[in-house]
2 protein chains.
Amino acid sequence: MKELLPHFNSHFSIDCILFGFDEGELKVLLIERNEEPFKDWWALPGNLVSESESLDQSASRILHELTGLDNVFMEQFYTFGDVGRHPQGRIISVAYYALLRLGGDKALKPLSTYAKQAHWINVNELPQLAFDHQKIFDQGLEKIKRRIKHQPIAFELLPEKFTLTQLQNVYEVILGKKLDKRNFRKKMLSFSVLKDLNEKQKGVSFRAATLYRFDKRKYGKLFAKEISF
Amino acid sequence: MKELLPHFNSHFSIDCILFGFDEGELKVLLIERNEEPFKDWWALPGNLVSESESLDQSASRILHELTGLDNVFMEQFYTFGDVGRHPQGRIISVAYYALLRLGGDKALKPLSTYAKQAHWINVNELPQLAFDHQKIFDQGLEKIKRRIKHQPIAFELLPEKFTLTQLQNVYEVILGKKLDKRNFRKKMLSFSVLKDLNEKQKGVSFRAATLYRFDKRKYGKLFAKEISF
DNA sequence: AATATACAGTGTATTTATTACACTAAGTAA
DNA sequence: TTACTTAGTGTAATAAATACACTGTATATT
């Protein structure tokens, strides 16, 4: 059967933008490459897609290999296929972003030979990136800026229990602007998707805030319309 | 260089949803396949991507081969890569939609051997489709439903000069609901992107409406926020 | 015990946007 | 002249977005 298809020496890969939120900052996981091309450059984690796995599976695998995590929110957002994007041949790359809860530094797994190290880097302090990864990153960031106004993705970056101020920080850091505290709270609570846990923060050196949980059951498919702040 | 990459017998293809608007209806171009697999089934037009063309170029080529048209609005919207989606092997497909102005029936080019015929079919009367093309179509339609609220894509489906009623029809048929005439006009005109041509429709058997043109220069990158109707 | 600090938590008034709704005007066709 | 068909128009009511500043409460410091 397969011989019906012409043979092109083409490949696909997955590139992943792993976003994490920690200490009020939006961070992204970058690896330092250990192989040509772009040896010693920083890059988004990625890998070729094997014949036996779907795109989603491949993206999950890459994430798992780096972080040891499963069941992380991931979404495909664009496919990059310019002819010259990879110096070693035709490689089309399907890009995903993932959103994950960083508690301190999420333990990073031992890396395979293709990377020397991996670091969480503030999105406002990115080094120069290999390949067309800057373009991929820019598009991914744009994507989550739009997404966060329509879908409840902010919760994916927070621990299960969070305060309204932490939630507001996620919106602020992704949208890149300060929001009004009273208006933010009013609107968020109006969606009725936050469950008040009648519980307070612990271990803070000032007045503890109320903890909330995102209530998936109360959430329809989309916020009725775009959230505007 | 290329021998550094492992050899997987994988391919990519492009599948295109060609949307057209004609006589108040939203239509899509389907081909009837002339080859196995899915011989005699209806399908979205598509083709393998050759090594020397970018994804966008490949999509434009497919559209050109079918319709003879160039410079048509196209946008990539999702990549489908489930392992079993193509019975003849691993084929990952990058999906595009295109929006085009149908004047009567846009002349369809002679088709290559892989299709017997091509037809413009009302999106509400689709036959059963080959491969996972129903899923691709559904996602494409969802995409333009969201897009039309944020970006001026409706104009791509209309002739250069159009009436406000025609524009409203485009919105109605894509969103799948009736809109209020006065509110629609008020809001559309408030964006200041329509140029009144001081010109009337011709050849209509009733009162002729004013013609407008979309003014790209007056249009920023996005409508300020989602358009709600 | 008193005080300073740091963040939590709250309400109102104004402006802007959305919605609902029905008739007259103008051209064509018979 | 009349009937028909679509064009074109405004207002009032409701809902949403915005701008804005102080008090409350727990902790830490002296």
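Heavy-atom basis, side chains included; hydrogens, waters and symmetry copies ignored. Just so it is clear: chains get the letters A, B, ... in the order the sequence lines come, proteins before strands, and each one is counted from 1.
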Check nucleotides 28-30 of chain D against the protein and report each pair of N or O atoms closer than 3.5 Å, with its distance, or say if there are none.
none

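- Comparing B/Thr163 and A/Arg207, the nucleotide of DNA chain D nearest to each residue sits closer to the 5' end for B/Thr163.
- For B/Lys135, there are no side-chain hydrogen bond (donor to acceptor under 3.5 Å, both in side chains) partners at least two apart in sequence or on another chain.
- Computed from coordinates, the A/Gln201 CD to D/dT27 P distance equals 11 Å when rounded to whole Å.
- For residues 160-173 of chain A, the set of pairs meeting the salt bridge (Lys or Arg N to Asp or Glu O under 4.0 Å) definition, not counting sequence neighbours, comprises A/Glu160-A/Arg213, A/Lys161-A/Glu199, A/Glu172-A/Lys178.
- Each salt bridge (Lys or Arg N to Asp or Glu O under 4.0 Å) pair with one or both residues in residues 71-80 of chain B, not counting sequence neighbours, appears once here: B/Glu75-B/Arg147.
- One finds no salt bridge joining A/Lys195 and A/Asp215 here, because no Lys/Arg side-chain nitrogen approaches an Asp/Glu carboxylate oxygen to under 4.0 Å.
- Scanning both residues, A/Gly140 and A/Ile17, for their nearest heavy atoms gives CA-CD1, 3.8 Å.
- Between the CD atom of B/Glu226 and the P atom of D/dA17 there is a distance of 11 Å, rounded to whole Å.
- Of all the residues in residues 169-185 of chain A, A/Asp180, A/Arg182, A/Asn183 reach under 4.0 Å from DNA chain D with at least one non-hydrogen atom.
- Boundaries of the chain A contact region on DNA chain C are C/dC7 to C/dT12, first to last in 5' to 3' order (nucleotide atom under 4.0 Å from a heavy atom).
- With sequence neighbours excluded, no residue satisfies side-chain hydrogen bond (donor to acceptor under 3.5 Å, both in side chains) with B/Thr163.
- The backbone N or O of B/Ala209 sits less than 3.5 Å from a side-chain atom of B/Gln201, completing a donor-acceptor pair.
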Provide a list of protein-nucleic acid N or O atom pairs under 3.5 angstrom, restricted to nucleotides 12-15 of chain D.
none

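- Under the side chain to side chain contact (heavy atoms under 4.5 Å, CB included) criterion, B/Ala95 pairs with B/Phe77, B/Phe80, B/Ile136, sequence neighbours left out.
- Atom CG of B/Asp70 sits in a crowded spot, with more than 12 heavy atoms from other residues, nucleotides or ligands closer than 6.0 Å.
- Applying the side chain to side chain contact (heavy atoms under 4.5 Å, CB included) test to B/Thr79 and every residue at least two apart in sequence or in another chain returns A/Leu55, A/Gln76, A/Thr79, A/Val94, B/Gln76, B/Ile92, B/Val94.
- Applying the side chain to side chain contact (heavy atoms under 4.5 Å, CB included) test to B/Asp138 and every residue at least two apart in sequence or in another chain returns B/Gln134.
- Ion pairing of B/Asp196 with B/Arg185 is absent here, as no side-chain N (NZ or NE/NH1/NH2) approaches a carboxylate O to less than 4.0 Å.
- Annotation: of the two residues near DNA chain D, B/Thr210 and A/Ala208, the 5′-most nearest-nucleotide partner is B/Thr210.
- Note on B/Lys200: only backbone sugar-phosphate atoms sit closer than 4.0 angstrom, heavy atoms only; bases stay farther off.
- Applying the side chain to side chain contact (heavy atoms under 4.5 Å, CB included) test to B/Glu156 and every residue at least two apart in sequence or in another chain returns B/Phe73, B/Leu99, B/Arg101.
- Close to D/dA16, at under 4.0 Å from its OP1 or OP2, lies no side-chain N or O of A/Lys187.
- Put simply, CG on A/Leu189 is 15 Å from P on D/dA16, counting in whole angstrom units.
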